[in-house]
Trainee: 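Before I ask anything, let me first share the structure, which is written out below as structure tokens.
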Number of protein chains: 2
Amino acid sequence: MRKNPTIRDVAANAGVSIATVSKYINGAQRFTPAVEHNIQAAIDKLGYQSNPLARSMITGKTGSVGVAILDICNPHFTNIVKGANRVALEHGYNLLFVDTEESQAREDELLDALSRRVDGLVVSTRMPEDQLHRILGYGKPVVFSGRPGPKGVPSIGIDAYAAAYMIAEMLVKQGHRNIAYIGFAPARPDRERMRGLVDCLEAHGLPLTRHEVRGPTMAEGERVCSSVLLRKSKPDAVICYNDMVAIGFMGVARSLGMSIPEDLSVVGIDNIPFSRYTSPALTTVDTQSERLGEEGMRLLFRHIAGDLPTTVEHITLEPRLVIRESTRLRVSVPARAGEQGKPRRAKPTSAAVLASCKPAYRRT
Amino acid sequence: MRKNPTIRDVAANAGVSIATVSKYINGAQRFTPAVEHNIQAAIDKLGYQSNPLARSMITGKTGSVGVAILDICNPHFTNIVKGANRVALEHGYNLLFVDTEESQAREDELLDALSRRVDGLVVSTRMPEDQLHRILGYGKPVVFSGRPGPKGVPSIGIDAYAAAYMIAEMLVKQGHRNIAYIGFAPARPDRERMRGLVDCLEAHGLPLTRHEVRGPTMAEGERVCSSVLLRKSKPDAVICYNDMVAIGFMGVARSLGMSIPEDLSVVGIDNIPFSRYTSPALTTVDTQSERLGEEGMRLLFRHIAGDLPTTVEHITLEPRLVIRESTRLRVSVPARAGEQGKPRRAKPTSAAVLASCKPAYRRT
DNA sequence: CAATATGTGGAAAACGTTTTCTTCATGTCG
DNA sequence: CGACATGAAGAAAACGTTTTCCACATATTG
């Protein structure tokens, strides 16, 4: 608990001025070998480390970048952080992050605190459009993640419309006619997904029923399950807001005596690592969470460096359908498709990614 | 990207000195209503927020606390962060955290950076005992999480010995005779768990075979599975280092044609949220991850406040056995025990926690 | 040898706060 | 009415750095 040594201590110990020590440390100037040696000796002896706060005050740089996520318990977001962390370290920055826990008040507080301690932010937020300027108001470069930002502000996300369209197309192809979507309206991508689903299903002349979850969690997936299944016109396929909801949903559905996918197909979104291990293994859409974090951070660093061509405002990553066991296939072959496709293989990591299912349209 | 207003701007705008503004903001002194009104008006007009870096420099307090975890992709750790976050916010602090990714070099770098920006740290680390003083050397209050620290330094963890003993006891009771442990030697709790297993099994005159995983991940659980199962004397029960390993292991075991728990019982450790949803649902030991974070943070705040009685050095939380479907039960009843115990219930959240399985011993 | 370039090192200002000390005006008490 | 306590407000130092400018010694050039 002893006090940390300061640059002054080092200077005194080495018999030079603090300016000299500072310049030596930052390699801003060369000195006589004797002087350099003395300084280094003093630094080693005292275990000196320059105080980043003081340095930040004068340079205006913190050497840190921040990431704000909505829920640390959702692997989608932890993967984003993982990707972001890697790129930040590559750039010699360290990453601080906050979990806003879906709460507006907490988000305000945490972003306030975080924004002053970092050189830039990658932010996931459900804040309405007209509030986003508050985040920009911190005066730090910002990249929005998982949604577009205001005009001129870089952002990154996946093509939620395409993801939804893909799923619907696949389900229809496999013969489903009564499809339900469990949505989460406060979330940004929800609207686009809804559009994708509706567009696709309308093209096939099929209806869509919508249910609502109060949060994108396993617990909510559990809660909503019975009300979805107890409707008079029970769906033959359920698309969940994300994998967390789908996992909770499937758990209850099975305990209600449903067999998946025979009685009911279930689809998630995100392809979190655990979705491979549910029972049955979850069909989902990969949202490239880790790349989202990586590319978001790269975008941020280009933003910080100031070399962002104004043309690049929004990066859209392509979703990929990952078909596993929770969706019924029309053609029933001896071995089910998906991961079971190559049974008795020691390495089952090859998830069946049906890129071929990509719908033939482009988002405008 | 405009510059943030400073206290000087506010003072000028309100026609008072910066000292007055500072005192007003911190509530250190009362002022004439007119003056207070002017200051508040100026603050609102400029959107002023005091610069935490500058404040920290002079007060020596940052208003932040730090948490270092080993892997953000492991829900055990994210739960710790979640608990820690809650308590930190309760205390008016905000939480910064770093993911050291099991890498010593990264840990050094990140802790260096983090320690200067916070008022205290809760640290999970695999660093050998004789290196821990380096962390203490940062001159900040530290609480070690998941392991004991050096003498006199507070720490928190679960009783790993008890957890292991519990599992072994339960497996033996259920009739298993050939038990394997998939360990991860670099981890702190590994040694204690091994002791717990060996002690229990020796008491029953049973052997234990040990296998090694290179990291506590699902991928490693997958990798090690075939070599465990292809041994001449195949085990009838496998205890995995943690739930992640267990989940990976089970995935491959099933794809190798094993039925769990009929052919093989599998047990994890941690009780991560997803362990309820694996196929079959994973029997595990709850390590109270969230409480670990909460209590660790409470300990830290008492440490920061300086009122830690020297008697409280290490808090040990009690593990609880959570029996689900991945372990074979001796007595076969029509409905299997565990979560299936009450079938057809809409709320399957009541995991069967067999506290009765607690072994009759106490750790010394 | 004088004049100039070069390289080494220090003095001091600055960053945006908090805090101590001081000043000054006002109100209170005997 | 004078002495004194009280309260409001400001001046200035401090926190630990970086950075700009300047001084000095030495080396180079004509």
Side-chain angles (χ1 to χ4, degrees), chain A residues 2-40 42-43 46-64 112-113 115-119 138-140, chain B residues 2-40 42-43 46-64 112-113 115-119 138-140:
Chain A
R2 60 156 217 293
K3 214 150 166 22
N4 285 318
T6 78
I7 198 174
R8 225 174 298 277
D9 301 326
V10 174
N13 222 277
V16 297
S17 76
I18 61 168
T20 305
V21 175
S22 173
K23 282 181 251 182
Y24 169 74
I25 290 172
N26 299 317
Q29 191 181 311
R30 297 289 307 184
F31 295 93
T32 316
V35 169
E36 298 203 340
H37 173 266
N38 283 344
I39 296 176
Q40 190 57 54
I43 289 176
L46 274 54
Y48 170 75
Q49 300 227 116
S50 82
N51 182 329
L53 269 58
R55 159 180 290 158
S56 296
M57 277 212 39
I58 170 92
T59 61
K61 299 283 164 199
T62 66
S64 302
D112 268 13
S115 65
R116 306 296 297 249
R117 298 168 209 269
V118 298
D119 297 336
Y138 293 133
K140 294 288 170 67
Chain B
R2 61 155 214 294
K3 214 152 163 24
N4 285 317
T6 78
I7 198 174
R8 227 173 295 276
D9 300 327
V10 174
N13 223 275
V16 297
S17 76
I18 61 168
T20 304
V21 176
S22 173
K23 283 181 250 181
Y24 169 76
I25 290 172
N26 299 317
Q29 191 181 312
R30 298 288 307 182
F31 294 94
T32 316
V35 170
E36 297 203 341
H37 173 266
N38 283 346
I39 297 177
Q40 189 56 55
I43 289 176
L46 274 53
Y48 170 75
Q49 300 226 114
S50 83
N51 182 327
L53 269 58
R55 160 179 288 156
S56 297
M57 275 211 42
I58 172 92
T59 62
K61 297 285 163 197
T62 65
S64 302
D112 268 12
S115 66
R116 305 297 295 247
R117 297 170 210 269
V118 297
D119 297 337
Y138 293 133
K140 294 287 169 70

Trainee: Please state whether the phosphate of dG10(D), meaning OP1 or OP2, lies under 4.0 angstrom from any side-chain nitrogen or oxygen of Ser17(B).
Mentor: yes
Trainee: Reckon Thr59(B) touches a base, only the sugar-phosphate, or nothing at all at heavy-atom distances under 4.0 Å?
Mentor: sugar-phosphate
Trainee: Tell me whether the OP1 or OP2 atom of dA9(D) has a side-chain N or O from Thr32(B) closer than 4.0 Å.
Mentor: yes
Trainee: Is there a side-chain polar atom (N or O) of Asn51(A) under 4.0 Å from OP1 or OP2 of dC15(D)?
Mentor: no
Trainee: Is the shortest side-chain N/O distance from Arg55(A) to OP1 or OP2 of dT18(D) below 4.0 Å?
Mentor: yes
Trainee: Verify the contact: side-chain N or O of Ser22(A) to OP1 or OP2 of dT18(D), cut-off strictly under 4.0 Å; return yes or no.
Mentor: yes
Trainee: Has the side chain of Gln29(B) got a donor or acceptor that lies under 3.5 Å from a partner of the other kind on the base of dG7(D)?
Mentor: no
Trainee: In this structure, how many angstroms lie between the P atom of dG9(C) and the OH atom of Tyr24(A), rounded?
Mentor: 13 Å
Trainee: Rounded to the nearest angstrom, tell me the gap between atom CZ in Phe31(A) and atom P in dT6(C).
Mentor: 19 Å
Trainee: Closer to the 5' end of DNA chain D via nearest nucleotide, is it Ile18(A) or Lys23(B)?
Mentor: Lys23(B)
Trainee: Starting at atom CD1 of Ile7(B), determine the distance to atom C1' of dC15(C), rounded to an integer number of angstrom.
Mentor: 13 Å
Trainee: Once you apply a heavy-atom cut-off of 4.0 Å, does Arg8(B) come out as touching a base, just sugar-phosphate, or nothing?
Mentor: base
Trainee: Could you check whether Tyr138(A) and Gln49(B), counting side-chain N and O atoms only, form a donor-acceptor pair closer than 3.5 Å?
Mentor: no
Trainee: Identify, between Glu36(B) and Leu53(A), the residue whose nearest nucleotide on DNA chain D lies closer to the 5' end.
Mentor: Glu36(B)
Trainee: Got Tyr24(B) and Ile43(B) here, is their nearest side-chain heavy-atom distance under 4.5 Å?
Mentor: yes
Trainee: Side-chain N or O of Thr20(B) less than 4.0 angstrom from OP1 or OP2 on dA9(D)?
Mentor: no
Trainee: Name the nucleic acid region contacted by Tyr48(B), choosing base, sugar-phosphate or nothing; use a 4.0 angstrom heavy-atom cut-off, strictly under.
Mentor: sugar-phosphate
Trainee: Checking side chain to side chain contact (heavy atoms under 4.5 Å, CB included) against Ser56(B), which of Asp119(B), Thr62(B), Val118(B) comes through?
Mentor: Thr62(B)
Trainee: Among the candidates dA11(D), dT18(D), dA12(C), find the nucleotide nearest to the side-chain atoms of Ile58(A).
Mentor: dT18(D)
